[in-house]
Amino acid sequence: MERNVIYYGVPDAQPEPIALRAGPLELAYQAGDLRYIRLGTREIVSRIYFALRDADWGTAPNTIERHTIELGSRGFRIAHSAHSRLGDADVAWHAEISGAPDGTITYRVTGRAKRTFLSNRVGLCLLHPASLAGARCRVVHGDGSEEEGRFPERIAPHQPFLDIAAISCELTDGIWASSEFKGDTFEMEDQRNWTDASFKTYPRPLALPYPFEMHSGERFEQTVTLRLQGVSAVAATCAAPDATLHVGVAAHGEGVLPPIGLQMGAEPPCQSAVIERLRALEAGHLRVALAPETDEGTLTCWAQMARAVDAPLELALLDGGAATADRAAEWLAREQLSVTRVLLCASPGCDATSLLACSRRTLETVAPNATFWVGTDGDFVDLNRERPQATGATGVFYSLNPQVHAFDNASLVESLPVQAETVLSARALYPDLSVAVTPITLRPRGAIAADPRQPSLFAAGWMLGSIAALARCGVSALTYGEIAGPRGTMSRDGAPYALYHLLLWLAGWRGARVCSIEVSDLLRLQGLALQRNGERCIVLANMGGKPMVIKTQGIGAAARVQWLDERCVVDTRWQGPTAPAPLKVGAGQAEIELLPYGLARIESSAP
């Protein structure tokens, strides 16, 4: 197996970022985008990029055909020609990007449609980082009027600002960063609804009809300009990334590790090898989604799998109708299955209180130990906008995936802390109820093809970061992916993927206290620390393509370490982590090395 396939699922190398400076600002140019624009250590803009969306909100890949880059000590100039194509949606465009010594950055794009097609969006987007939540801002509208406000603290269900000609955000007292937009009418949405780590300002208001028609040969031009106010042009100092990362684990806890389950698809594999490996995971539950079109053969397979691994069901009723509840009751009575949760998917405008009462009456006899939850089979945005009544429910639920808007590795890692923000916002909406996130998938479930990263080390590291973020904020239950297949934890014949071994590491730690953990760079390293009965488990994941040395504090005596990395693949199959090896610990601290995208588990006594 090629090394890059082991790392992140495809043989192609990841595009390398090019470091840039514009006076006091530092940033990177990568694959046509400007990323991580920082003043010192403060990120002020996460990304500026060109986006073409088709009539179904599919995102066309941007292909850079040629570019020129001029770098100076205090500025830069970049020009590139590109095309973006997805089905009939097809545009050619040219970008001119510059950075000046006073910190002004300009991204100008001109282009034309190469054919007539329907589109939902064409143009430049700017992402402000989620770290600006609560920060003061000033908006200049198209008519010149001004509005004072703040970036939303909790996730906003709808656009926080409309008709944006410019928006300025306060970084510190007297220091502001202003973003100006020309060529269309722009507005902002809170992308944390989909776990993106950003507030996105984009062209063409959603209040206008869409999709709209782009005619063959039609031209467009847009410009985004970033300016600083109250900042000296002297370059701010931002230390280069430390080759050694630091992890600190505290004794106090932040919740417990919740039950972690897997979902069964329409055709769950029932091979003995799959069942044997699934038993070893000690899954907290198996999620099934019952819809009117679910056939009897599928129900039989689900029952066989649940009995084979002795796991309770998390039963999602997708249409919430009485007929589906009646069918579920008949199936459960016939198969004598255990149910831990019933998830009632509330459609927009439905009476969720009546739905809950009706479903409980129908199912409580055949599922006496089940709790009843109200929510959505869709993303958090659906719960945030619809806000169904949940009186009498145990909790609320929603699903998530990190690839609604962005698909690169870095964007997926950026999304991990935002998963916790969705839980905090759900709690603000339903302060007396528990929260479950189910299911969590790497790619949207409606996607035709599975994500090639699913079997890779990157997927295991991403899952670790997701579990850590959600467990720390006290979710009641989590469901990940499918059992087996291209969207699962193993192949359909039972060959484990890297993330299977991560789940195996965590098996048996359900209910353990999640310890507070401090990681010096969450874009490069993810970590989870657990403690129970005088024992501690720390799992770390390198999220990048370079080896790293990690100094970890909070390790007790008799420490042993295992690695899961490229050394664990023979031919095309994962052979399991390395054997546990003694780890030298001094004054509660140890130093370990992680290979690219590698993971490590440290087990010790609690210090």
Side-chain angles (χ1 to χ4, degrees), residues 12-40 42-52 59-85 91-112 114 121-129 166 177-184 186 198 200-203 219-228 231 233 235-236 238 240-241 405-411 414 523:
D12 303 328
Q14 294 288 295
E16 287 292 330
I18 298 171
L20 305 174
R21 181 180 288 279
L25 297 178
E26 292 181 312
L27 62 153
Y29 172 78
Q30 185 175 26
D33 302 349
L34 296 184
R35 303 193 73 152
Y36 308 126
I37 302 176
R38 304 183 310 276
L39 178 66
R42 181 73 181 269
E43 185 175 308
I44 58 176
V45 169
S46 298
R47 189 179 175 199
I48 304 174
Y49 63 101
F50 177 82
L52 170 65
T59 301
N62 296 335
T63 302
I64 308 301
E65 296 171 334
R66 56 187 178 275
H67 67 250
T68 59
I69 301 177
E70 302 174 15
L71 301 180
S73 60
R74 294 169 56 76
F76 63 88
R77 295 185 67 85
I78 298 172
H80 67 244
S81 296
H83 73 263
S84 303
R85 182 181 305 122
V91 300
W93 53 281
H94 178 78
E96 296 178 357
I97 312 168
S98 63
D102 64 354
T104 299
I105 294 173
T106 301
Y107 195 128
R108 176 176 175 268
V109 63
T110 57
R112 64 178 179 85
K114 299 186 72 174
R121 181 169 299 150
V122 180
L124 290 173
C125 298
L126 180 144
L127 305 184
H128 284 99
S178 173
S179 304
E180 302 167 6
F181 304 90
K182 294 181 179 179
D184 206 329
F186 288 75
S198 59
K200 178 169 71 178
T201 304
Y202 55 88
R219 296 185 177 275
F220 58 88
E221 177 179 344
Q222 294 177 14
T223 303
V224 172
T225 304
L226 176 66
R227 304 182 195 276
L228 294 175
V231 180
C238 183
H405 298 110
F407 319 103
D408 60 284
N409 288 356
S411 294
E414 292 169 17
L523 290 179

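Just so it is clear, the model here is predicted, and its values are computed rather than measured.
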* Asked: Between I48 and I97, is a side-chain contact (heavy atoms from CB on, under 4.5 Å) present by the stated rule, with each step listed?
  -> CA-CA 10 Å; I48 304 174; I97 312 168; over 6 Å; no
* Look at the side chain of N62 and the backbone N and O of F50, then say whether any donor-acceptor pair between them is shorter than 3.5 Å. => yes
* Taking the inter-plane angle between the rings of H80 and W93 on a 0 to 90° scale, is it parallel (under 30°), tilted (30 to 60°) or perpendicular (over 60°)? -> perpendicular
* Find out whether L226 and I44 are in side-chain contact, i.e. whether some heavy atom of one side chain is under 4.5 Å from a heavy atom of the other. => yes
* Asked: Is there side-chain contact between I18 and F76, with at least one heavy-atom pair below 4.5 Å?
  -> no
* Asked: Mind checking whether Y29 and L34 have side chains closer than 4.5 Å, heavy atoms only?
  -> yes
* Kindly indicate whether the side chain of T106, heavy atoms from C-beta on, has any atom under 4.5 Å from the side chain of T223. => yes
* **side-chain contact (heavy atoms from CB on, under 4.5 Å) partners of T63, counting only residues at least two apart** => H83
* Structure fact -> Nearest heavy-atom contact between S84 and L52 is O-CD2, 3.5 Å
* To the nearest 0.5 Å, how far apart are OG in S411 and CG in L127? -> 8.0 Å
* To do: List the atom of H94, the atom of S81, and the distance in Å for their closest heavy-atom pair.
  => ND1-OG, 3.1 Å
* To do: State whether E414 and R35 are salt-bridged, where the test is any N-O pair (Lys NZ or Arg NE/NH1/NH2 against Asp/Glu carboxylate O) under 4.0 Å.
  => yes
* To do: Answer whether the closest heavy-atom distance between the side chains of V45 and I105 falls below 4.5 Å.
  => no
* Specify the closest pair of heavy atoms between Y107 and G32, including all atoms of both residues, with the distance to one decimal. => OH-O, 2.7 Å
* Would you call R21 and E26 a salt bridge, taking side-chain N to carboxylate O under 4.0 Å as the test? -> yes
* Greater than 12 external heavy atoms within 6.0 Å of R42's CZ -> yes
* **Distance-minimising heavy-atom pair for P15 and Q30** => O-NE2, 2.6 Å
* Asked: If every non-hydrogen atom of G123 is compared with every non-hydrogen atom of Q222, which pair is closest and at what distance?
  -> CA-OE1, 3.3 Å
* **Closest heavy-atom pair and its distance - R38, G40** => CB-O, 3.6 Å
